[in-house]
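Okay, so here's the structure we're looking at.
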Amino acid sequence: MIGFVLLVDVAAIAGSAWSFLRVPFTEGDAVPFAILILSSVLYTELSRPVERVRERFAGTPHISLDSVWTFAAVLLVHPALAALVIAVSFFYRWFRGQPNPLFRRMFSASATVLSGFAAAAFLARYAEPFDVLPRDASSFGSVVAAGGVFLLVNTVLMTIAVYYGTPHERLRDALAKPFEYALEAATIALGVIVAWALRDWPVVLLLVVGITLVLHRGVLLRQLKRQARSDAKTGLLNAKAWREAATDELDRARRAGRHTSLLMVDVDRFKLINDRHGHLVGDRYLAAIAETLRTEVRGTDLVGRFGGEEFVVLLPGTPAVHAHAIAERIRSSVASRAGDLPEHVTVSIGLADRPGVADLDTVLAVADRALYQAKNTGRNRTSGYQVTG
């Protein structure tokens, strides 16, 4: 992993030095370069209040909005100058207080520089320079494709670093959320507009800065909303958010006359795990079981932490026979899970099935009764009841 990070850093520095020595500069590079440096620094200052809150609540590396300026630099200026814009954008934000370790910031900047080189090489191969590029559909397609290259190369490099640096058991766990990739694509698109404005109508930059600040604040609000709905230890819906979502889903199921099932999952002898290994290890067990639940159910199913070592899963449109198969798959996956935890653990599962649909409290009570039976008949098993009345 250290070798990969160093390789990316060295490649970015070497590529910048090579382009500085071998690629000719033009007179048109100076003004856009200076404006992009100034815009990046100014935007960092304007967005600091929002970014501080984002960083505090994210807890992990997250998508920034720097591509608005960095991709514009890739399109407009000499590759070495574009690399310098990227470096200033990343390191000035770090210098102004974003609490990332320096080596991570260096790697992120280097990965972005290499992504910019790849996008610039694509444009050099398939299109004319941006300042003389015809403003037609074919040229638009080339620029959009270059943005795709920029996003793809950066995603690959960052995903490799996250996958092997943490490490993760599955590749998809190292990927960002779809919304974050959409956000990155949107900032790249704004970068195209910035480049266009700098060549044809520079005052439009004022509008781009305003739009980007509004987008930044919208991202923060989305992040805070997600944070408020999430359980801190598992990343699942917390009890309040799950109950609200489950109530809405049961209302829809009642109107449509759909089958709905509910699973209540409880970790067997969890107190012994905490007593033997401590609560921090117990939290790792909870996170591992939460990840298993996410893996074994559909994206439309509602998974939440109900409290303590209990989890709940609402399965819309799922009759008892299918819900039982899902429960058994969850139970088997937890029991056979291998990893860095000190011992294996099992879960007991209570299943409540309702052909019509009762209110949520009634379904939860039936699932709890089924869970109680699973516990009393040996644990590590699934027990189910149908909701009546």
Side-chain angles (χ1 to χ4, degrees), residues 1-16 40 44 47 51 54-55 57-75 79 82-95 98-122 144-192 212 215-216 219-220 222-223 226 235 291:
M1 189 60 223
I2 293 174
F4 172 73
V5 170
L6 290 176
L7 178 64
V8 171
D9 292 344
V10 170
I13 294 171
S16 300
S40 175
T44 297
S47 63
E51 195 61 22
R54 279 192 75 202
E55 188 72 26
F57 283 96
T60 58
H62 58 271
I63 300 295
S64 70
L65 276 69
D66 294 316
S67 295
V68 174
W69 320 112
T70 58
F71 189 65
V74 169
L75 293 177
L84 188 54
V85 171
I86 292 169
V88 169
S89 178
F90 275 79
F91 285 103
Y92 186 77
R93 190 176 294 279
W94 176 81
F95 172 74
Q98 197 172 54
N100 295 66
L102 180 57
F103 78 92
R104 289 185 180 174
R105 181 52 51 125
M106 179 67 184
F107 176 80
S108 297
S110 298
T112 305
V113 167
L114 293 183
S115 303
F117 287 161
F122 176 88
V144 170
V149 171
F150 183 86
L151 177 59
L152 176 63
V153 173
N154 195 52
T155 298
V156 169
L157 293 175
M158 295 303 297
T159 300
I160 291 173
V162 172
Y163 180 75
Y164 288 106
T166 306
H168 291 73
E169 293 185 0
R170 297 173 305 167
L171 180 61
R172 73 178 183 180
D173 296 333
L175 294 169
K177 299 293 188 295
F179 168 76
E180 293 176 309
Y181 291 123
L183 174 62
E184 180 74 357
T187 59
I188 291 172
L190 283 173
V192 176
T212 309
L215 177 63
H216 211 147
V219 171
L220 171 63
R222 178 188 175 95
Q223 183 175 316
R226 185 171 63 244
E291 180 57 34

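All heavy atoms count here, side chains included; hydrogens, waters and symmetry mates do not. Everything numeric in this text was worked out from a predicted model, so none of it was measured. If you read the sequence from its start, that first residue is 1, and numbering goes on from there.
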Backbone of Phe90 reached by a side-chain donor or acceptor of Arg105 within 3.5 Å
yes

Who pairs with Phe4 by ring-ring contact (aromatic ring centres under 6.0 Å, His included), at least two apart in sequence or on another chain?
Phe107

Where do Val113 and Ser16 come nearest, in terms of heavy atoms and distance?
CG1-OG, 3.9 Å

Atom CG of Leu190 and atom CH2 of Trp69: how far apart are they, to the nearest 0.5 Å?
8.5 Å

Do Met106 and Ile13 pass the side-chain contact (heavy atoms from CB on, under 4.5 Å) test, and can you show the C-alpha distance, the side-chain angles, and the key distance before you say yes or no?
CA-CA 11 Å; Met106 179 67 184; Ile13 294 171; 3.9 Å; yes

Tell me every residue that passes side-chain hydrogen bond (donor to acceptor under 3.5 Å, both in side chains) with Ser89, counting only those two or more places apart in sequence or in another chain.
Ser40, Asp66

Does Phe150 form a side-chain contact (heavy atoms from CB on, under 4.5 Å) with Thr70? I'd like the steps, not just the answer.
CA-CA 10 Å; Phe150 183 86; Thr70 58; 4.1 Å; yes

Minimum-distance pair of heavy atoms, taken over all atoms of Ala111 and Val8
N-CG1, 3.9 Å

To the closest 0.5 Å, what do you measure between CG (Leu183) and OG1 (Thr187)?
6.0 Å

Test log, rule side-chain contact (heavy atoms from CB on, under 4.5 Å), inputs Phe103 and Asp9
CA-CA 10 Å; Phe103 78 92; Asp9 292 344; over 6 Å; no

Distance, nearest 0.5 Å, that separates CD1 of Ile86 from CZ of Phe71
10.5 Å

Tightest non-hydrogen contact, residues Ser108 and Met158, listed as OG-CE, 3.8 Å

Ignoring hydrogens and angles, tell me if any N or O in the side chain of Ser67 forms a donor-acceptor pair with the backbone of Ile188 under 3.5 Å.
no

With side chains defined as the heavy atoms from C-beta onward, is the minimum distance between Glu184 and Asn154 less than 4.5 Å?
yes

Just say parallel, tilted or perpendicular for the rings of Trp94 and Phe91, cut-offs at 30° and 60°.
perpendicular

